[in-house]
Amino acid sequence: MTSLYLTRYRILLDTYGPQHWWPANSTFEMLIGAILTQNTNWRNVARALDNLRPYLDPQSMQRLSDERLNTLIRPSGFYRLKTARIRHFLSWYRHYDFDPQKAARADGRRLRRELLEVNGIGRETADAMLVYGFGKSFFIADAYARRLFLRLGDRLPKTYDALRRQVETQLPDDPAIYREYHALIVEHGKRCCRAKPDCRFCPLTAMCAWRKAHAD
């Protein structure tokens, strides 16, 4: 039997098509982008990544001084804090020889525990790295997902991890689905399920509790 979460995924995929997310030229760029995107929008991250373009490999980034790295990532905001977080992340990544394939061969739960022990890597950032960087099946239970599922009428647990596990139990262990699902939810959140929803072209209207409650 197809789960409700998988049905929604297929509707969103049919509506918006593959999102080809995370936009990056390398796994390392994706991993650094996941840190830079904390508390800012993607436009600012893209500016910071453009500045970093000559240094987007672990060895080059390690050689940058903190002052220089601060300057390069300044467009992403909180740049001193993010420089420190990048340093902490590189210290962890060194244990895998900066090799994404080596990290990907490790157990996903173990990788997640390790990432969460890195100073400045929270649950959402860790899950983004796991899904898009290392090909693991974790649901990114961000604010877009919580808002969407609440409006659809789901009974949601309060914590991030409880929501993540709730969705994961109803999805197949397929990293491609997790990559697309997160990107599709974000796209849908920007187009329709905004803070003030625009339901005119929403493909999920027929199953939306919020829409039914607010219908004219």
Side-chain angles (χ1 to χ4, degrees), residues 1-24 27 30-31 33-34 37 42 100-101 103-113 115-116 122-215:
M1 175 184 262
T2 301
S3 77
L4 190 57
Y5 287 111
L6 191 57
T7 296
R8 294 164 177 170
Y9 164 76
R10 289 171 175 165
I11 291 172
L12 292 174
L13 185 61
D14 286 344
T15 301
Y16 301 120
Q19 297 298 294
H20 306 294
W21 189 261
W22 192 289
T27 299
M30 179 273 139
L31 295 168
T37 199
W42 187 255
Q101 293 182 349
R105 287 194 291 271
D107 176 74
R109 291 183 179 85
R110 170 188 153 188
L111 275 183
R112 191 172 193 269
R113 287 194 300 270
L115 283 168
L116 291 176
R123 289 171 172 79
E124 188 176 326
T125 301
D127 289 338
M129 290 177 168
L130 289 162
V131 172
Y132 293 103
F134 304 126
K136 303 298 183 181
S137 296
F138 288 91
F139 182 74
I140 302 170
D142 65 357
Y144 284 109
R146 180 170 288 275
R147 183 168 67 198
L148 172 61
F149 295 151
L150 279 173
R151 284 180 176 164
L152 289 173
D154 295 0
R155 297 185 64 181
L156 301 184
K158 292 182 180 180
T159 68
Y160 177 99
D161 276 328
L163 174 55
R164 174 183 62 79
R165 288 190 294 267
Q166 177 171 302
V167 178
E168 287 172 2
T169 60
Q170 298 191 45
L171 294 178
D173 183 7
D174 183 347
I177 288 178
Y178 286 88
R179 286 193 296 269
E180 281 296 341
Y181 210 164
H182 172 65
L184 289 164
I185 288 173
V186 172
E187 183 66 17
H188 183 67
K190 291 177 178 178
R191 292 199 194 190
C192 298
C193 205
R194 307 168 185 166
K196 183 178 179 181
D198 182 351
C199 302
R200 292 173 299 169
F201 306 108
C202 175
L204 300 173
T205 297
M207 59 179 67
C208 181
W210 188 95
R211 178 59 178 162
K212 290 174 184 176
H214 294 80

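Since we're looking at a predicted model, the values are computed, not measured. We use all heavy atoms of the structure for the numbers below, so side chains are in, but hydrogens, waters and symmetry mates are not.
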Quiz item: Do other residues, nucleotides or ligands put more than 12 heavy atoms under 6.0 Å from the CZ atom of R147?
Solution: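 More than 12 heavy atoms, drawn from other residues, nucleotides or ligands, come within 6.0 Å of this atom.
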I need the minimum non-hydrogen distance between [X] and [Y], along with the two atoms involved.
X: P100; Y: F134; answer: O-CD2, 3.8 Å
X: C192; Y: Y16; answer: SG-OH, 3.7 Å
X: E180; Y: H20; answer: OE2-N, 3.7 Å
X: I140; Y: A145; answer: O-CB, 4.1 Å
X: L163; Y: P157; answer: N-CG, 3.4 Å
X: S137; Y: Y178; answer: CB-CE1, 3.5 Å

Any non-hydrogen side-chain atom of [X] less than 4.5 Å from a side-chain atom of [Y]?
X: H182; Y: V131; answer: no
X: L204; Y: L148; answer: yes
X: C202; Y: R211; answer: no
X: C193; Y: W210; answer: no
X: V186; Y: W21; answer: no
X: Q166; Y: F139; answer: no
X: K190; Y: Y144; answer: yes

To the nearest 0.5 Å, tell me how far [X] [atom1] sits from [Y] [atom2].
X: D161; Y: E168; atom1: CG; atom2: CD; value: 8.5 Å
X: I11; Y: L184; atom1: CD1; atom2: CG; value: 12.0 Å
X: Q19; Y: R179; atom1: CD; atom2: CZ; value: 13.5 Å
X: R146; Y: K158; atom1: CZ; atom2: NZ; value: 10.5 Å
X: L116; Y: R112; atom1: CG; atom2: CZ; value: 5.0 Å
X: I177; Y: R10; atom1: CD1; atom2: CZ; value: 7.0 Å

Quiz item: Does the pair F201 and R191 meet the rule for a side chain to side chain contact (heavy atoms under 4.5 Å, CB included), with working shown?
Solution: CA-CA 9 Å; F201 306 108; R191 292 199 194 190; over 6 Å; no
With a 3.5 Å distance limit and no angle check, can you tell me whether [X] reaches the backbone of [Y] through a side-chain donor-acceptor pair?
X: Y181; Y: Y5; answer: yes
X: K136; Y: A104; answer: yes
X: R164; Y: F138; answer: no
X: D154; Y: L156; answer: no

Exercise. Among residues two or more places apart or on two chains, list those pairs meeting salt bridge (charged side-chain N to carboxylate O under 4.0 Å, His left out) that have a residue in residues 193-208.
Key: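 Applying salt bridge (charged side-chain N to carboxylate O under 4.0 Å, His left out) to every pair that reaches into residues 193-208, excluding sequence neighbours, yields D198-R200.
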Quiz item: What's the verdict on side chain to side chain contact (heavy atoms under 4.5 Å, CB included) for Q170 and L6, showing C-alpha distance, side-chain angles and the deciding distance?
Solution: CA-CA 7 Å; Q170 298 191 45; L6 191 57; over 6 Å; no
